[in-house]
Amino acid sequence: MRDFTRSCVYQIYIKSFCDSNGDGIGDIPGITGKLDYIKSLGVDYIWITPFFRSPLNDNGYDVSDYRSIDPVFGTMEQLETLIAESDKRGIGLMLDMVFNHTSTEHEWFKRALAGEEKYINYYKFVDGEPDSPPTNWESKFGGNAWEYVPSLKKWYLHLFDVSQADLNWDNPEVREELKDILRFWTAKGIKGFRFDVINLVSKPDVLENDTEGDGRRFYTDGPRIHEYLKELVEGGGIADMLTVGEMSSTTIDNCIRYSDPAEKELSMCFSFHHLKVDYANGDKWTLMRPDFGKLKKLLTDWQIGMQEGGGWNAVFWCNHDQPRAVSRFGDDKRYRKESAKMLAGMIHLLRGTPYIFQGEEIGTTNAGFTDISQYRDVESLNYYEIMLRNGKTREEALAVLAAKSRDNGRTPMQWTGGRNAGFTDGEPWIGIPENHTYINTEEASEDPDSILAFYKKLIALRKEYHIIADGSFEPIETSDNIFAYRRKLGTQTLTVVCNLTGEKTDIGSIPEGELLIGNYKNEQNGMLEPYEFRAYLK
Ligand code: TEU
Ligand code: CA
């Protein structure tokens, strides 16, 4: 296994990155045109969200052909150009493989619907009567997770949208198909993979009702998951590549096994517990200020747990499923720059491989949508209806979406202060925040004190000071308002202090060493300014 601890990954949500042909939808040539910008950040890899052929009910996470490119995103030739141009710049491309489910438009599913036994066995079909689904499991996008097919007198499982049918990984033919798809893409020069909800693929043999929850305890980190992952990685020929698994509701112990090099599974994991600290009673569709005490505890527990067990995590705040970090954990009005930089520093100096989601590096905010017609995301639209049915008023439901919708992370990349933020010459598929007039890459590139410049510095420091990638982690006890930790390597110590609040906060004594990076003008005293961040090296 190669070591990716020193890498940094940039995530592109293709639909919203850059539109090259004026149809309002980001595409592959759009990415190629921005490679120099990405290169200037100093990142090593780009993870591109799915561009495979798809009906796009879930923006490409519903794949109907894993070997072809959806025409809306470009052609194979254009992808080959992107690969070659990335290679030239020393950037590896990572694809996003959605192997838990396929679109119901996939050939396999269509043949299953037509009654072909072979393909019925590709999915989780269960015999039954139309009025009683096999279990009470819930879809992550709302409603029961089973759909009835009258012509087959069978139900099929969909942990996500009804148009995303779960594959049957217990069928060896399915696993062969998936390995073959990986080999197809590595032959084209793809250098790594992100695996969508990969820890949900191994379902239990016996399907039973969940009397305590939505069913996830039966299939999360399921019975044969480690065996299947080993097989996929070896058979797919990707053991030496950067691989990251998206791990839904997982545990530290499982993530250690997924990412311990000795296990030969993946290079690293995404876990999400630290992003649920603003879910009141575990429910995402609520309004709650983040619980920073809980955030600190979760980050610390995962840092220590993964370190002690020999595992490795991806560290991140943002992706295409999350609201924008600066709006969520910082202050996107009064202290936008300060808090965006603090959040960046806090995560980039942790033990783990940092991921930057497009726009995060310029402090992009939540969308600011106020009307349901502005939303596009299937999950948001479903839950809007569910919230109304459960008695929320329209205003209340819209307020929840404004804070929690995945569309907050999906508004177009803000390149310029001009028309459509320089994203498209046409009509963008989703609205663009008005603040693009001053939050954009053009403006940030000219400002040496910008959030963008700060990200570049963090990425460069990682290459220069190996303590950032290789050092051990230990927490420092502080008040709830402060998050502080130490990294150690040999005789070196890196001390990081972050003010999580908009209040001036006393840190007592100043850490030893030289100020390596901070988001205020070289302050050297015991008081942290609002959202102040400092890292000292000794
Ligand atoms: O996400 C998995 C996932 O768990 C989230 O969608 C989650 O359910 C949601 O944010 C909770 O509110 C992956 C992809 O990242 C996502 O875009 C896809 O929609 C999903 O899988 C299905 O493929
Ligand atoms: Ca386009």
Side-chain angles (χ1 to χ4, degrees), residues 11 13-33 47-52 54 56-63 69-75 78 96-103 138-142 145 158-167 194-201 214 216 219-220 244-250 270-273 275-276 278-279 282-286 314 316 318-323 355 357 376-383 386 400-401 403-410 412-413 420 423-429:
Q11 183 195 348
Y13 194 66
I14 184 168
K15 205 171 174 184
S16 299
F17 191 63
C18 183
D19 173 25
S20 72
N21 61 355
D23 65 358
I25 296 177
D27 46 47
I28 291 171
I31 299 175
T32 310
W47 146 29
I48 308 176
T49 56
F51 48 59
F52 313 106
S54 163
L56 303 175
N57 289 335
D58 189 19
N59 291 350
Y61 285 89
D62 46 332
V63 179
I69 293 172
D70 199 280
V72 87
F73 296 127
T75 64
Q78 289 168 337
D96 198 331
M97 307 317 286
V98 190
F99 284 170
N100 176 67
H101 42 264
T102 73
S103 163
E138 279 166 41
S139 153
K140 309 238 179 215
F141 291 164
H158 61 91
L159 293 182
F160 293 89
D161 188 51
V162 50
S163 67
Q164 294 165 302
D166 281 56
L167 282 165
R194 179 253 190 196
F195 292 102
D196 193 60
V197 291
I198 195 68
N199 67 326
L200 308 186
V201 303
D214 61 5
R216 69 181 67 192
Y219 56 74
T220 302
V244 54
E246 188 203 22
M247 305 300 177
S248 171
S249 301
T250 187
F270 287 118
S271 63
F272 295 90
H273 299 279
L275 297 177
K276 297 183 179 175
D278 54 2
Y279 289 15
D283 181 1
K284 169 172 171 174
W285 306 100
T286 49
F316 70 105
C318 297
N319 67 29
H320 63 289
D321 294 333
Q322 301 292 331
Y355 281 65
F357 178 58
R376 301 286 176 270
D377 171 29
V378 52
E379 184 194 54
S380 305
L381 298 174
N382 286 354
Y383 273 99
I386 293 172
V400 172
L401 287 188
K404 298 296 178 74
S405 168
R406 304 196 297 182
D407 282 338
N408 286 306
R410 298 178 178 187
M413 185 70 183
N420 293 331
F423 162 71
T424 180
D425 292 334
E427 272 311 302
W429 70 277

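Just so you know, ligand 1 is whichever comes first in the structure, and atom 1 is the first atom listed for that ligand. Throughout, residue positions are numbered sequentially from 1 according to the sequence presented.
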Short N or O contacts of ligand 1 with protein, under 3.5 Å, listed by atom name?
residue  : atom   : partner : partner atom : Å
ligand 1 : 1 (O)  : E246    : OE2          : 3.1
ligand 1 : 1 (O)  : D321    : OD2          : 3.2
ligand 1 : 6 (O)  : R406    : NH1          : 2.9
ligand 1 : 12 (O) : K284    : NZ           : 2.7
ligand 1 : 12 (O) : E379    : OE2          : 2.6
ligand 1 : 15 (O) : R194    : NH2          : 3.1
ligand 1 : 15 (O) : H320    : NE2          : 2.9
ligand 1 : 15 (O) : D321    : OD2          : 2.5
ligand 1 : 17 (O) : H320    : NE2          : 2.9
ligand 1 : 17 (O) : D321    : OD1          : 2.8
ligand 1 : 19 (O) : D58     : OD1          : 3.3
ligand 1 : 19 (O) : D58     : OD2          : 2.5
ligand 1 : 19 (O) : R406    : NH1          : 2.9
ligand 1 : 21 (O) : D196    : OD1          : 3.0
ligand 1 : 21 (O) : D196    : OD2          : 3.0
ligand 1 : 23 (O) : H101    : NE2          : 2.9
ligand 1 : 23 (O) : D196    : OD2          : 2.7

Inset, instruction - Verify whether the ring centers belonging to F357 and F316 lie closer than 6.0 Å. - result: no

Legend entry - CG on D27 to SG on C18, rounded to 0.5 Å: 7.0 Å

Legend entry - Test: D96 and R194 ion pair at under 4.0 Å: yes

Inset, instruction - Could you pull out all residues at least two apart from E138 that satisfy salt bridge (Lys or Arg N to Asp or Glu O under 4.0 Å)? - result: none

Inset, instruction - Verify whether one side chain among Y219 and D166 offers a donor that lies under 3.5 Å from an acceptor in the other. - result: no

Legend entry - Step-by-step side-chain contact (heavy atoms from CB on, under 4.5 Å) determination, D19 to N21: CA-CA 6 Å; D19 173 25; N21 61 355; 2.8 Å; yes

Legend entry - K140, K404, R406 screened by salt bridge (charged side-chain N to carboxylate O under 4.0 Å, His left out) with E379, the one that passes: R406

Legend entry - Shortest non-hydrogen contact from N57 toward S163: ND2-OG, 3.0 Å

Inset, instruction - For the Ca ion (ligand 2), state how many protein N, O or S atoms fall inside a distance shorter than 3.0 Å. - result: 5

Inset, instruction - Could I get the full list of side-chain contact (heavy atoms from CB on, under 4.5 Å) partners for N420, not counting sequence neighbours? - result: T424, P428, I432

